[in-house]
Amino acid sequence: MKSEYKIILDLITENSRVLDVGCNDGTLMELLKESKNVDIRGIEISKEKVQLCISKGLTVIEGNAEFDLKQFPIDSFDYVVLGQTLQAFISPEIVINELLRVGKKAIVTIPNFGHWKVRLDLLTKGRMPVTKTLPNNWYNTPNIHMCTIKDFVSFSKIMNFKIFKSLALIDKKVSNINNSNLFFKNLFSELGIFLIEK
Amino acid sequence: MNNKNIKILNVDKPLKLDCGKTINNFPLAYETYGSLNKNKDNAILIFHALTGDQYVTGLNPITNKDGWWSFAVGPNKSIDTNKYFIICANVIGGCMGSFGPNHENPETKKVYGTDFPVITINDMVNAQVNLLDFFDIKKLFSVVGGSMGGMQVLQFVSNFPNKTKTAVPIACTSSHSAQNIAFNELGRQAITADHNWLDGNYTYKKTIPDKGLAVARMAAHITYLSKKGLQEKFGRKLQERDDLKFGFDADFQIESYLRYQGSVFVDRFDANSYLYITRAMDYFDLVKQFNGNLSNAFKNTKAKFFVMSFTSDWLYPTQENKDIVIALNAIGADVGFVEIDSDKGHDSFLLNVPDFLNTLKNFLDTSYKE
């Protein structure tokens, strides 16, 4: 199992109602269904992937989180999960607000642009970094709003939401992020995982 | 029409129609495929579209042509007759054996014609629910239908929220649009303008308003296709000629194709039925029925929904299908949705569109296992 999925699984309580935004091929949805007995729905932009999810017996709607979360009433879900896609939206502000409107809590994971390899790449080569987690070039990347773990923490203050839990993923190991280690976690984490609330 | 070939359920329970009239002892023509299992939990009620009938698949014994949904229904197909028991009835108002305007009025001993009561989508499903009692089915596994069949799916779940486990409305709408009413009106005007229509009493003169009905079908047929599909299939290709003939014969293949579609339609469809069924579609407005809030139509059901639309369908466009999804999500219903890529227009649901057929099969088969 992907370490990221393992962490998300641990954050979600049993028998809750969950929406997976950008649910991809439904892997996380299946894991959550099996291990946590959750009532889970997915929203996915790719037709092929929606069809794949349907073939797995998952309830998924084709749609875009920026426009299609509107249809869900306030607090429809206990958790809304957004895995590594916040940076791909035209307006991450709208998406964060929508996540926190339809969900009582949201779990947001972000590829950390503050990682030392990314910084070194830009520093030494003077070119936009291309890494394993960020394999595209600047002109064809879907990731138009990259941010760092530090950026996300300050984003929470600007957008006025609470970070309930923040975790760093470094070499498949999970650790807590707090004010005193933020500098180091921002330098060494590949991924930041945040449990947030209004 | 050889009536001996048609299975008929005589409905003796009176049915109060939306127009205020009540019908009694009326025939409902139906067909079944596959077999009902011991638990009686594998039944699927399929609703047909405007010009469909109960002969979903295999050879239609009346027309000697393949059933209208042969691509989707059959052994190992999307709706697998090895697994499920399929029931399909001819809608009331239709002309394939169910109570319709070509039937004789027992009081006057004359064919109803336009004396037949105006029926609605609601009346259609209220008539067909009698089939569940007839087969002693407490709960269907699914209700499935495209276009007007999809409208019946929505109305059925709304009227009988506990009578189906799943519901699959395809390429349809919860409220017939002005554009669709306009196209239906065009068809009706073509029929009633035919001097052989005779105010609907053509049966006595042993004639039919074939020209009008053919034009209605031709106009409607265009709405079932897409611009791109037409261009790719026909373009400006000429019909069995090397050059334009400077006349009004069918120079272009598309003209010839439409004329053919019109001419074969009049052999199998009753003009008055066409008036009645298009009217039923026009009157369909589930949103209005629930005072502007479509969600209320579904608030009492636990059915699992799966909505499908097609990219090139401009008659029942994706947005109208999405409105159904939105209404369901607003009340936390279990609903999946996908828009299938296809150039074949509204007709896509009747044709060999693999993404559609596979997805439909996957939804039904995984839901059946649950």
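Here is the naming used below: chain letters follow the sequence lines, and residue numbers restart at 1 for every chain.
- Within the 4.5 angstrom heavy-atom criterion, atoms from both the backbone and the side chain of B:Thr359 approach chain A.
- Contact of A:Ser76 with chain B is not made at all, since no heavy-atom distance falls under 4.5 Å.
- Neither the backbone nor the side chain of A:Asp39 comes within less than 4.5 Å of any heavy atom in chain B.
- Not a single donor-acceptor pair under 3.5 Å links the side chain of A:Lys47 to the backbone N or O of B:Val338.
- For a residue to count as touching a neighbouring chain, one of its non-hydrogen atoms must lie under 4.5 Å from one of that chain's; by this rule B:Phe305 does not touch chain A.
- If you measure heavy-atom distances from B:Thr318 to chain A, you find no contacts under 4.5 Å at all.
- Only the backbone of A:Val60 comes within contact range of chain B, with heavy atoms under 4.5 Å apart.
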Step by step, work out the side-chain contact (heavy atoms from CB on, under 4.5 Å) result for B:Lys322 and A:Asp68.
CA-CA 10 Å; B:Lys322 260 181 131 173; A:Asp68 293 318; 3.4 Å; yes
Between A:Gln71 and B:Val325, does a side-chain contact (heavy atoms from CB on, under 4.5 Å) hold up when you go through it step by step?
CA-CA 9 Å; A:Gln71 61 192 286; B:Val325 178; 3.8 Å; yes
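- Residue A:Lys70 does not touch chain B at all, counting heavy-atom pairs closer than 4.5 Å.
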Tell me, with the steps shown, if B:Asp334 and A:Arg41 meet side-chain contact (heavy atoms from CB on, under 4.5 Å).
CA-CA 8 Å; B:Asp334 190 337; A:Arg41 309 290 159 83; 4.0 Å; yes
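- Of the atoms belonging to B:Lys361, not a single heavy atom falls under 4.5 Å from chain A.
- For B:Lys369, no part lies near chain A; criterion is any non-hydrogen pair under 4.5 Å.
- Residue B:Asp365 does not touch chain A at all, counting heavy-atom pairs closer than 4.5 Å.
- Ranking A:Leu58, A:Val50, A:Leu52, A:Ile43 against chain B, the residue ahead of the rest is A:Val50, based on heavy-atom pairs under 4.5 Å.
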